[in-house]
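First listed ligand is number 1; within each ligand, the first listed atom is number 1. Because only heavy atoms are used, hydrogens play no part in the values below, and waters and symmetry mates are left out as well, while side chains stay in. Numbers here are sequence positions counted from 1.
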Amino acid sequence: MSAPITVSAAAITHPGCKRTMNEDSYIAARPFFLVADGMGGHAAGDLASAAVVQEFATVAGTTASTVDEVRAAVARARTRVDALSDGPRPAGTTLTGVCVSEVGGAGYWLVLNIGDSRTYRYADGVLQQLTVDHSAVQELLSAGAVAQAAHVSKNVITRAIGAGSTGDPDVWMIPAEPGDRMLVCSDGLNNEVEDADIAQLLAAHPDPADAASALVDLAVENGGRDNVTVIVVDALAVVATDDDTAPRTHSEVDEDTLPRAALV
Ligand code: MN
């Protein structure tokens with residue numbers, strides 16, 4: 001079976017300027033492109049994020065992933081993270097990213113999120129955040145409590161793998177289009193770099209490795225107050241359906257009649 005989405009990807013992580021340790025981890029191995037940000041102030045943040053990506057590494061190398069596979073990997077990861085520590089501030093980590101997936105043979109992005117790391121799509125010149133932060137700030141903003149949100153620490157997250165959370169991942173299935181550029185990052189990027197600047201750098205650097213390195217460089221230049229991890233994943237070609245197994249390229253895309261996104 002050929003991959004439902006043919007991708008080109010690059011990943012970079014950097015400790016930033018203020019921290020000696022890097023508690024972020026990532027996997028950029030088909031079909032998984034995921035970032036985990038180990039929680040600072042908790043025990044073993046680095047071990048927690050590493051344990052989670054290791055669980056995905058053991059099942060990497062396939063052409064496509066499934067929602068069941070992802071949920072099972074998250075469950076195994078949670079067991080490992082829970083076993084790392086049992087103090088008052090138990091180990092925890094975020095997890096977000098995209099997995100190559102398919103529906104009826106057509107290429108889909110499986111997007112998942114737990115915590116406040118982010119997955120964006122950049123397509124047709126528009127940057128869109130696909131994930132919803134599991135953070136106190138976002139919950140207040142979603143409830144319309146804008147004034148209160150301004151007074152809440154950005155660091156308070158409301159869902160994690162570990163850290164006493166039983167939270168399940170949000171999972172979305174999104175039809176892929178040739179030319180899609182997915183950006184997966186830890187908050188060390190989006191807390192330092194405005195969305196408009198992220199979009200500008202993604203537009204300016206067609207090569208994913210160049211784009212990833214330009215984003216990390218700007219986060220560091222803007223202060224680098226946290227670890228920063230960036231994965232850029234480009235869809236070079238996308239299989240449309242089982243009947244049409246010739247992957248489409250960017251010039252061949254029809255107006256999409258598939259549902260834009262579904263939370264599953
Ligand atoms: Mn962080």
Are Tyr122 and Met182 connected, step by step, through hydrophobic side chains (Ile, Leu, Val, Met, Phe, Trp, Tyr) whose heavy atoms are closer than 4.5 Å? no
Hey, could you give me each pair passing salt bridge (charged side-chain N to carboxylate O under 4.0 Å, His left out) that has a residue in residues 4-16? Not counting sequence neighbours. none
Which of these, Asp170, Asp116, Thr94, sits in a side-chain hydrogen bond (donor to acceptor under 3.5 Å, both in side chains) with His134? Asp170
Count the heavy atoms belonging to other residues, nucleotides or ligands that lie under 6.0 Å from CZ of Arg118, then report whether that count exceeds 12. yes
Between Leu202 and Tyr120, is there a side-chain heavy-atom distance shorter than 4.5 Å? no
Under-2.8 Å neighbours of the Mn ion (ligand 1), protein N/O/S atoms only: 3
Spacing of CD1 belonging to Ile5 relative to OG1 belonging to Thr63, to within rounding of 0.5 Å: 11.0 Å
